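Following: one structure in structure tokens, then a few remarks.
Quantities reported herein were computed from a predicted structural model and do not represent experimental measurements. Nothing fancy with the numbering, it's 1 onward along the sequence.
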Amino acid sequence: MSGETAEEPDRLSVGVLLFIPYRSMEDRVFVALAAVGYDDFTPAQARVMQRVGPHGTRLTELAEAAQVTKQTASFLVDQLEKAGYVLRTPDPTDARARLVRIAERGAAMQQVADRAVAEVEAEWRAHLGERRWRQLRETLTSLREITDPYR
């Protein structure tokens with residue numbers, strides 16, 4: 001930290017200014033999940049699970065997209081599989097490979113998370129107003145072009 005205080009918001013880096021609302025949203029999602037019984041799910045697991053594609057994703061691709069080692073991704077997927085959030089299935093394009101897919105319990109959990117995200121976004125939209133909300137989304141979408149190698 002560079003000694004910023006709550007009274008000096010202009011001194012916060014853009015990265016920190018982006019992280020604060022992200023973390024707030026993440027906290028709200030985890031509260032919503034725990035409230036309906038999904039209290040065995042961690043942020044590390046979420047970061048891997050968020051990268052599982054609709055038709056499944058190979059472990060090596062999950063590790064790369066989540067920016068963790070293959071061993072870490074494997075450990076997290078093992079935990080998610082034991083909890084019933086994901087399952088591993090044969091890859092139809094390569095008999096030696098397996099795909100990680102979202103299981104029924106994981107899909108149900110994602111619906112709860114999606115509702116929590118929508119609620120937070122509605123609050124932010126109301127706070128910012130329609131014009132500033134649209135500008136925020138457009139600006140962040142534009143930044144994604146140069147910051148997200150997995151887009």
Side-chain angles (χ1 to χ4, degrees), residues 1 12-128 130-151:
M1 290 292 269
L12 296 176
S13 73
V14 172
V16 171
L17 291 171
L18 290 167
F19 180 74
I20 292 168
Y22 169 80
R23 191 52 169 249
S24 174
M25 179 184 282
E26 183 180 66
D27 289 346
R28 293 266 305 269
V29 168
F30 277 90
V31 166
L33 291 173
V36 295
Y38 298 109
D39 57 357
D40 59 345
F41 193 72
T42 69
Q45 292 169 334
R47 289 184 186 102
V48 168
M49 192 165 156
Q50 288 171 338
R51 285 152 178 88
V52 177
H55 305 292
T57 306
R58 291 183 181 178
L59 186 65
T60 54
E61 293 167 346
L62 286 177
E64 184 179 336
Q67 296 181 326
V68 297
T69 65
K70 186 177 174 189
Q71 293 79 8
T72 297
S74 180
F75 174 77
L76 293 169
V77 168
D78 286 346
Q79 291 178 323
L80 289 166
E81 189 173 33
K82 286 176 189 164
Y85 292 114
V86 300
L87 49 95
R88 289 184 172 120
T89 62
D91 184 338
T93 65
D94 182 348
R96 300 167 298 163
R98 303 202 28 96
L99 294 175
V100 177
R101 296 181 187 268
I102 302 296
E104 189 175 319
R105 183 169 192 243
M109 189 257 320
Q110 284 180 324
Q111 290 178 355
V112 174
D114 290 347
R115 283 192 299 274
V117 167
E119 184 178 299
V120 171
E121 287 187 352
E123 291 171 11
W124 291 357
R125 179 182 232 143
H127 175 76
L128 293 173
E130 194 59 40
R131 181 179 67 57
R132 288 172 62 203
W133 174 254
R134 189 174 55 257
Q135 289 173 335
L136 175 64
R137 289 208 46 97
E138 289 170 359
T139 299
L140 293 174
T141 299
S142 180
L143 276 174
R144 185 176 179 208
E145 294 170 9
I146 63 169
T147 60
D148 184 0
Y150 307 103
R151 67 180 192 284

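The shortest distance between side-chain heavy atoms of Leu59 and Ser74 falls below 4.5 Å. Looking at heavy atoms from C-beta onward, Leu99 lies in side-chain contact with Arg58 at the 4.5 angstrom threshold.
Here the CD-CD distance, from Gln45 to Gln79, works out to 4.5 Å after rounding to the nearest 0.5 Å. A distance of 6.5 Å separates CG in Leu80 from CE in Met49, rounded to the nearest 0.5 Å. Between the CD1 atom of Ile20 and the CG atom of Leu12 there is a distance of 5.5 Å, given to the nearest 0.5 Å. A distance of 4.0 Å separates CD of Glu121 from CH2 of Trp133, quoted to the nearest 0.5 Å. Here the straight-line distance linking atom CD of Gln50 with atom CD1 of Ile102 works out to 10.0 Å at 0.5 Å rounding. Here OH of Tyr38 is found 6.0 Å from CZ of Arg105. Values are rounded to the nearest 0.5 Å.
Although no hydrogens or angles enter the test, the distance criterion places no donor-acceptor pair under 3.5 Å between the side chain of Thr72 and the main chain of Val68. Not one N or O on the side chain of Ser142 forms a donor-acceptor pair closer than 3.5 Å with the backbone of Glu138. Looking only at distances, no side-chain donor or acceptor of Arg101 sits under 3.5 Å from a matching main-chain atom of Leu87.
Using modelled atom types and a 3.5 Å distance limit, the side chains of Gln111 and Arg115 yield no donor-acceptor pair.
Thr57 approaches Arg51 most closely through the heavy-atom pair OG1-O, 3.6 Å. Counting all heavy atoms, side chain and backbone alike, Leu62 lies closest to Val48 at CD2-O, 3.7 Å. Closest of all the heavy-atom pairs between Ala116 and Ala32 is CB-CB, 3.8 Å. The nearest pair of heavy atoms linking Leu33 to Phe41 is CD1-CD2, 4.2 Å. Counting all heavy atoms, side chain and backbone alike, Val29 lies closest to Ala113 at CG1-CB, 3.7 Å. Thr147 and Pro149 get closest at one heavy-atom pair: O-CD, 3.3 Å.
Among residues two or more places apart in sequence or in another chain, the side chain to side chain donor-acceptor pair (under 3.5 Å) test is passed with Asp39 by none. For the salt bridge (charged side-chain N to carboxylate O under 4.0 Å, His left out) test, residues two or more places apart in sequence or in another chain that qualify with Arg88 are Asp78, Glu81. In this structure Glu130 satisfies the salt bridge (charged side-chain N to carboxylate O under 4.0 Å, His left out) test together with Arg125, sequence neighbours excluded. With sequence neighbours left out, Asp27 forms a salt bridge (charged side-chain N to carboxylate O under 4.0 Å, His left out) with Arg23. Residues passing the side-chain contact (heavy atoms from CB on, under 4.5 Å) test with Gln71 are Thr69, sequence neighbours excluded. When the side-chain contact (heavy atoms from CB on, under 4.5 Å) test is applied to Val120, the partners found at least two apart in sequence or on another chain are Met25, Arg28, Trp124.
No salt bridge links Lys82 with Asp40; every basic N to acidic carboxylate O contact stays at or beyond 4.0 Å. With salt bridges taken as basic N to acidic carboxylate O contacts below 4.0 Å, none links Asp91 and Arg96. Salt bridge status for Arg47 with Glu26: present, with a side-chain N to carboxylate O gap under 4.0 Å.
The side chain to side chain donor-acceptor pair (under 3.5 Å) test with Gln135 is passed by exactly one of Arg132, Arg131, Arg137: Arg131.
The number of heavy-atom neighbours closer than 6.0 Å to CZ of Phe75, taken from other residues, nucleotides and ligands shown, is 12 or below.
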